[in-house]
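Below is one structure, written out as structure tokens, with a few remarks after it.
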Amino acid sequence: MSGFTPASSMPVFVHRSRRGAELVLLILALVVGIGAYAAVGLGVQEKIPVDIVGYGAWLVALLVAAHIGVRLLAPYADPVLLPLVAMLNGVGLAVIHRLDLALAEDADKFARQQLIWMTIGVVLFLITLFLVPDHRMLQRFTYTAGLGAVVMLILPMLPIIGKEINGARIWINLGPVSFQPGEVAKVLLVICFAGYLAVHRDALALAGRRFAGIDLPRGRDLGPLLMMWAISLAILVLQRDLGSSLLFYGLFVVTLYVATERKGWIVVGGLLFAGGVFAALTLFSHVRVRVFTWLDPFKYYPVGDDGVTSSGQLVEGLFGMAWGGMIGRGFGSGEPWRIPYANSDFIIPAIGEELGLTALLALLLCYGLIVERGLRTAIVARDDFGKLLSVGLATSVALQTFVVVGGVTGLIPLTGLTTPFLSYGGSSLVANWVIVALLLRVSDQSRRPLPTAPSDEDLAAEETQIVKLDKGAMSK
């Protein structure tokens, strides 16, 4: 009995919203973002940018509005996600501004547009938190989300609004604005996958034949995986978009494995992926070009006046990162504009050239923390749909970051995706802000204190009070 602790003396867990910690981290993120913008001016123009006050005020207003929105609409949400995203977005704006200064005409064109897209993203972030007070309501739109994703993927193929850029038909024209509907489809597919697997996980988890110590799924349960495999191949063939094809298929396989906890799905998914890769290499020239330039990029690098070939972008990026070394040489001391599309697809080599490997590792650590907080949210979620939704959203950020960084460093073939929150691109930036809003919503629901049932002492006190009131009324 000596080790027994009375219930009255046991510590009581107090739920904390941690919004104060979020605010402190957000201030640090603003210091990094605005400081990077000032460092660009000092390094390139040898003076602080004249518009730094207006730029800083706009950035502060956006992030303070996002913080207040979280404080009011999701008070118990994860306190680390928003500051991490704010820092990545601020650094991305500074690097895009630096690349804009290398252009003699219309400087700051892309940086201004990216800041506008960030504003739209923060607005949609707040709208998502307001319109989705409980993430479980999204499960009612499982098949609607799936249908919406298919429609979004078909839109670029339409003859009037569809637009092909750099060989990939993944854009649509909405007046003066070009938009990539695949980014919206990514969010809708995560909702669809989570809703479907939350209901059918038990049936899909049933084991079929056992091979090499692994329980393979039953043949009758392969329908969803085959359908997603076919959709991914259609994206690769019709839209010539290797990055989105890998992202959507990998996202479904990971979510399916988490839902069923069966390694057999990984095996079958890997075999289907290998078969799709072999077929793509055999049938499609643009896939072969990506693989050949990945295996030996310097073989196809232009020499003399031959012009830029398919590997020129990759080789310029590798040269830039090698020049940057471990700590870089600072803004203005490199030539990152030599890399084609340095502000979008190849912003990672542009950062590595002037800020070095240390800055790249710090940024990758931030992405790792975003994924870790998303998976932590999945662990503490109180419902199956919330768990799978968090896993899907975190996996989408992880896969997109992996295929981008792996492509520009030569680890895997180039895919053409943009780095989340860093790269120039309105579609990706807006969609990723919505992803963060959904993660915060699930986190808030998971960390929010449960309503406690009244104790026996409270019930007894309430009953005594009722008896006293009854006696008083009878006496009158």
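When side chains are defined from C-beta on, L411 does not count as touching V405, because their heavy atoms never get closer than 4.5 Å. Taking the side chain as every heavy atom from C-beta outward, P181 and P156 approach each other to under 4.5 Å. Looking only at side-chain heavy atoms (C-beta outward), F252 and L225 come within less than 4.5 Å of each other. In this structure the side chain of E183 reaches within 4.5 angstrom of the side chain of Q400, judged on heavy atoms. Y55 is listed as a side-chain neighbour of L93, based on a closest heavy-atom distance under 4.5 Å. In this structure the side chain of L355 never reaches within 4.5 angstrom of the side chain of L360, judged on heavy atoms. By the 4.5 Å heavy-atom criterion applied to side chains, I351 and L422 are counted as neighbours. Side-chain contact between V408 and L318 is absent, with no heavy-atom pair separated by less than 4.5 Å.
Distance alone, capped at 3.5 Å, is enough to place a donor-acceptor pair between the K387 side chain and the I379 backbone. Between the side chain of S427 and the backbone N or O of Q180 there is at least one donor-acceptor pair closer than 3.5 Å. Of the possible polar contacts, one joining the W229 side chain to the L272 backbone as a donor-acceptor pair under 3.5 Å is found. Here the side chain of R447 pairs a donor or acceptor atom with the backbone of Y76 at under 3.5 angstrom. Although no hydrogens or angles enter the test, the distance criterion places a donor-acceptor pair under 3.5 Å between the side chain of S245 and the main chain of S232. In this structure, Y37 contributes its side chain and V91 its backbone to no donor-acceptor pair below 3.5 Å. A side-chain donor-acceptor contact under 3.5 Å links T401 to the backbone of V397.
Pairing each heavy atom of L88 with each of C366, the nearest pair is CD2-CB, 4.1 Å. Shortest non-hydrogen contact noted between R373 and P79 is NH2-CD, 4.4 Å. Scanning all heavy atoms of the two residues, the minimum distance from P340 to Q313 falls at O-NE2, 2.8 Å. Of all heavy-atom pairs spanning L389 and L138, the tightest one is CD2-CD1, 4.4 Å. When all heavy atoms are compared, the tightest approach of A381 to G386 is CB-C, 4.0 Å. The minimum heavy-atom distance linking A111 with I96 is given by the pair N-CG2, 3.6 Å.
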Could you walk me through whether R18 and L25 pass the side chain to side chain contact (heavy atoms under 4.5 Å, CB included) check? CA-CA 11 Å; R18 305 305 298 270; L25 294 175; over 6 Å; no
Trace of the side chain to side chain contact (heavy atoms under 4.5 Å, CB included) decision for N89 with L429: CA-CA 9 Å; N89 216 156; L429 185 60; 3.5 Å; yes
Report the C-alpha distance between L188 and L147 in whole Å, list the side-chain angles of each, state the deciding distance to 0.1 Å, and finish with yes or no for side chain to side chain contact (heavy atoms under 4.5 Å, CB included). CA-CA 9 Å; L188 295 177; L147 178 61; over 6 Å; no
What verdict does the side chain to side chain contact (heavy atoms under 4.5 Å, CB included) test give for L256 and F193, after you've listed the backbone C-alpha separation in whole Å, the side-chain angles of each residue and the deciding distance to 0.1 Å? CA-CA 8 Å; L256 182 59; F193 295 162; over 6 Å; no
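Using modelled atom types and a 3.5 Å distance limit, the side chains of W58 and T119 yield a donor-acceptor pair. Checking S428 against T418 by side-chain atom types alone, a donor-acceptor pair falls below 3.5 Å.
Side-chain rings of W265 and Y257 stay apart, their centers remaining 6.0 Å or farther from each other.
A salt bridge links R441 to D444: one of the charged nitrogens lies within less than 4.0 Å of a carboxylate oxygen.
Atom CZ of F346 sits about 11.5 Å away from atom OH of Y341, to the nearest 0.5 Å. Taking CG of L81 as the reference point, atom CG of L369 lies at 9.5 Å (rounded to 0.5 Å). With rounding to the nearest 0.5 Å, the separation of NZ in K109 from CG in N343 is 10.0 Å. Put simply, CG on L295 and CZ on R290 are 14.0 Å apart, with the number rounded to the nearest 0.5 Å. Note that OG of S423 is 10.0 Å distant from CG of N432, once rounded to the nearest 0.5 Å. One finds the CG atom of D78 at 8.0 Å from the CD atom of E372 (value rounded to the nearest 0.5 Å).
Note: Y143 and Y196 have perpendicular aromatic rings, judged against thresholds of 30 and 60 degrees for the angle between ring planes. Using cut-offs of 30° and 60° for the angle between ring planes, the Y249 and F273 rings count as parallel.
M227 CE: 12 or fewer foreign heavy atoms inside a 6.0 Å radius.
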Got a list of side-chain donor-acceptor pairs under 3.5 Å for residues 59-75, not counting sequence neighbours?
unit_1 : atom_1 : unit_2 : atom_2 : d
H67    : ND1    : E22    : OE1    : 2.7
H67    : NE2    : R71    : NE     : 3.3
H67    : NE2    : R71    : NH2    : 3.1

